[in-house]
Amino acid sequence: MIKRLYLALLILGAGAAHAASVVATVGDTPITDTDITARVQLMARQGKTSTDNRRVALQNIIDDNIKVAYAQNFGAVPSDTDVEKEIKKMNLGDMSASERAMAKSAVRAEIAWQIVVARTVLPTISASDEDIAQERAELARAHGLPLEMTIVRLIDIPSDVAAKLTKPKSCDDAVAMAEKLGGAPQKFTALQYELSADIRERIANLPRLQWSPRADNSVLLVCDSKKTKEYGDLDKIIKQNAMFKQAMTMADQQLKQLRRKAVIVINDDRYKL
């Protein structure tokens, strides 16, 4: 009788421990402490760190469940084969069984969400000239464009001399002006994406044939710029990027609405907002 009672207590204890490990539920789907640990480990592999890793991990898992549930309405949930292909591209290294299961869940949700956005949100978006110009400026500043640029640079130029520089009529005029003021101008031609980050930043929005403000004892002037063959294809990509950014902003708003409608229960006080 005592042995039976002891065995019953062990079974009850195991059941209670399992119940206690369920941190939250999304609809009928439980999220355990083990799931959160696996997600934190996956985030670390991807270089994503946070001072509140476990709370962020829980929110990501909740969002994954919401995205997949919504994507099912559109038949947009990817196959295991597609998910495995994407995981292979990510080069996450050797993973434990729990990490791999979490990686599959996260990737499945992300692919599904992108399909939903592409089908339902992106067709409603149009990129204005202003959107495209802003996207091009950001790209130029960060990475440079396939533009062949002729630039005049004056280094070690005193502030009083820089103040005397006026707008030239041409590149040759800019060089002559600098030489007349006692400078030693450097004239060079390069593709914008080959320039150093600091120069790209300074000329990103600089009008043609206008001296830049003096910085690091130097001034710059863009004499001319020509589009290369790559530029034509880049315009299409820039437009797509501008539209995609708008679509993702709208998708984030849609996800917030889906969160509000979802039945989410947080059982662990450590994760409650």
Side-chain angles (χ1 to χ4, degrees), residues 24 26-27 29 31 36 39-40 42-78 82-83 86-87 89-90 102-146 192-193 197 200-201 204-205 231-264 266 271 273:
V26 184
T29 303
I31 301 173
I36 295 174
R39 188 53 171 258
V40 169
L42 177 62
M43 288 162 57
R45 286 180 182 274
Q46 296 173 300
K48 299 175 182 177
T49 58
S50 168
T51 55
D52 201 6
N53 271 356
R54 297 190 71 81
R55 190 185 294 274
V56 172
L58 174 58
Q59 186 59 64
N60 287 342
I61 297 172
I62 290 172
D63 285 350
D64 287 349
N65 280 276
I66 292 172
K67 289 175 179 177
V68 171
Y70 187 65
Q72 287 173 345
N73 298 323
F74 303 91
V77 180
D82 290 336
V83 171
E86 192 60 32
I87 290 176
K89 293 178 185 176
M90 296 168 70
M102 183 53 62
K104 289 179 67 174
S105 176
V107 170
R108 190 185 309 279
E110 186 58 30
I111 295 175
W113 191 242
Q114 288 181 11
I115 294 173
V116 169
V117 171
R119 289 182 185 176
T120 64
V121 181
L122 202 54
T124 69
I125 300 295
S126 61
S128 67
D129 291 342
E130 184 179 348
D131 294 329
I132 295 172
Q134 182 177 349
E135 186 70 22
R136 187 184 290 110
E138 289 179 7
L139 182 61
R141 186 176 293 108
H143 305 289
L145 300 172
Q192 191 183 64
Y193 59 70
R200 286 201 307 269
E201 176 69 27
N205 297 310
Y231 198 94
D233 293 333
L234 183 65
D235 257 357
K236 296 177 183 177
I237 296 172
I238 287 173
K239 183 176 181 179
Q240 290 172 353
N241 284 348
M243 292 172 64
F244 182 74
K245 282 186 177 181
Q246 289 186 54
M248 292 311 298
T249 298
M250 292 179 64
D252 286 343
Q253 294 171 352
Q254 187 173 37
L255 181 58
K256 289 178 182 178
Q257 293 176 357
L258 292 172
R259 283 193 201 115
R260 286 194 288 267
K261 294 178 181 179
V263 180
I264 303 170
I266 308 295
Y271 296 95
L273 297 176

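Residue numbers count from 1 along this sequence.
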Checking [X] now: which residues fulfil side-chain hydrogen bond (donor to acceptor under 3.5 Å, both in side chains) with it, not counting sequence neighbours?
X      : answer
Ser128 : Asp131
Asn73  : none
Arg108 : Asp80
Asn53  : none

Provide the closest heavy-atom pair for [X] versus [Y] in the form atom of the first, atom of the second, distance.
X      : Y      : value
Ala57  : Val40  : CB-CG2, 3.8 Å
Trp113 : Ala251 : CZ2-O, 3.4 Å
Tyr271 : Arg54  : OH-NE, 2.9 Å

[X]: side-chain contact (heavy atoms from CB on, under 4.5 Å) partners, not counting sequence neighbours:
X      : result
Ser126 : none
Val107 : Val83, Glu86, Ile87, Met90, Ile111
Gln240 : none
Asn205 : Ala137, Arg141

- prompt: With a 4.5 Å limit on heavy-atom distance, are the side chains of Met250 and Ile125 in contact?
  reply: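 With C-beta onward as the side chain, the pair touches.
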- Item | Side chain to side chain, Leu139 and Leu234, heavy atoms closer than 4.5 Å |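 Of all side-chain heavy-atom pairs linking Leu234 with Leu139, at least one is under 4.5 Å.
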Within residues 239-248 or reaching into it, pairs that qualify as salt bridge (charged side-chain N to carboxylate O under 4.0 Å, His left out) - sequence neighbours excluded |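 Passing the test, one end in residues 239-248: Glu135-Lys245, Glu138-Lys245.
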For this session: Determine whether the side chains of Glu110 and Gln114 contain a donor N or O and an acceptor N or O closer than 3.5 Å.
Result: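 Note: Glu110 and Gln114 side chains meet the donor-acceptor criterion.
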- Query: If you round to the nearest 0.5 Å, how far is CD1 of Ile264 from OG1 of Thr29?
  - Reply: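 These two atoms lie 11.0 Å from each other.
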Pick out which of Ile115, Val121, Val116 makes a side-chain contact (heavy atoms from CB on, under 4.5 Å) with Arg119.
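Of the listed residues Ile115, Val121, Val116, the side-chain contact (heavy atoms from CB on, under 4.5 Å) partner of Arg119 is Ile115.
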What donor-acceptor contacts under 3.5 angstrom involve side-chain atoms of residues 61-71, with partners at least two apart or in another chain?
residue : atom : partner : partner atom : Å
Asp63   : OD1  : Gln59   : NE2          : 3.0
Asp63   : OD1  : Arg259  : NE           : 2.7
Asp63   : OD2  : Arg259  : NH2          : 2.9
Asp64   : OD2  : Arg39   : NH1          : 2.6
Asp64   : OD2  : Arg39   : NH2          : 3.2
Asn65   : ND2  : Ile61   : O            : 2.8
Tyr70   : OH   : Gln254  : NE2          : 3.1

What residues form a salt bridge (Lys or Arg N to Asp or Glu O under 4.0 Å) with Asp82, not counting sequence neighbours?
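Salt bridge (Lys or Arg N to Asp or Glu O under 4.0 Å) list for Asp82, sorted by chain: empty.
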Salt bridge (Lys or Arg N to Asp or Glu O under 4.0 Å) partners of Arg200, counting only residues at least two apart:
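In terms of salt bridge (Lys or Arg N to Asp or Glu O under 4.0 Å), with neighbours along the sequence ignored, Arg200 is linked to no residue.
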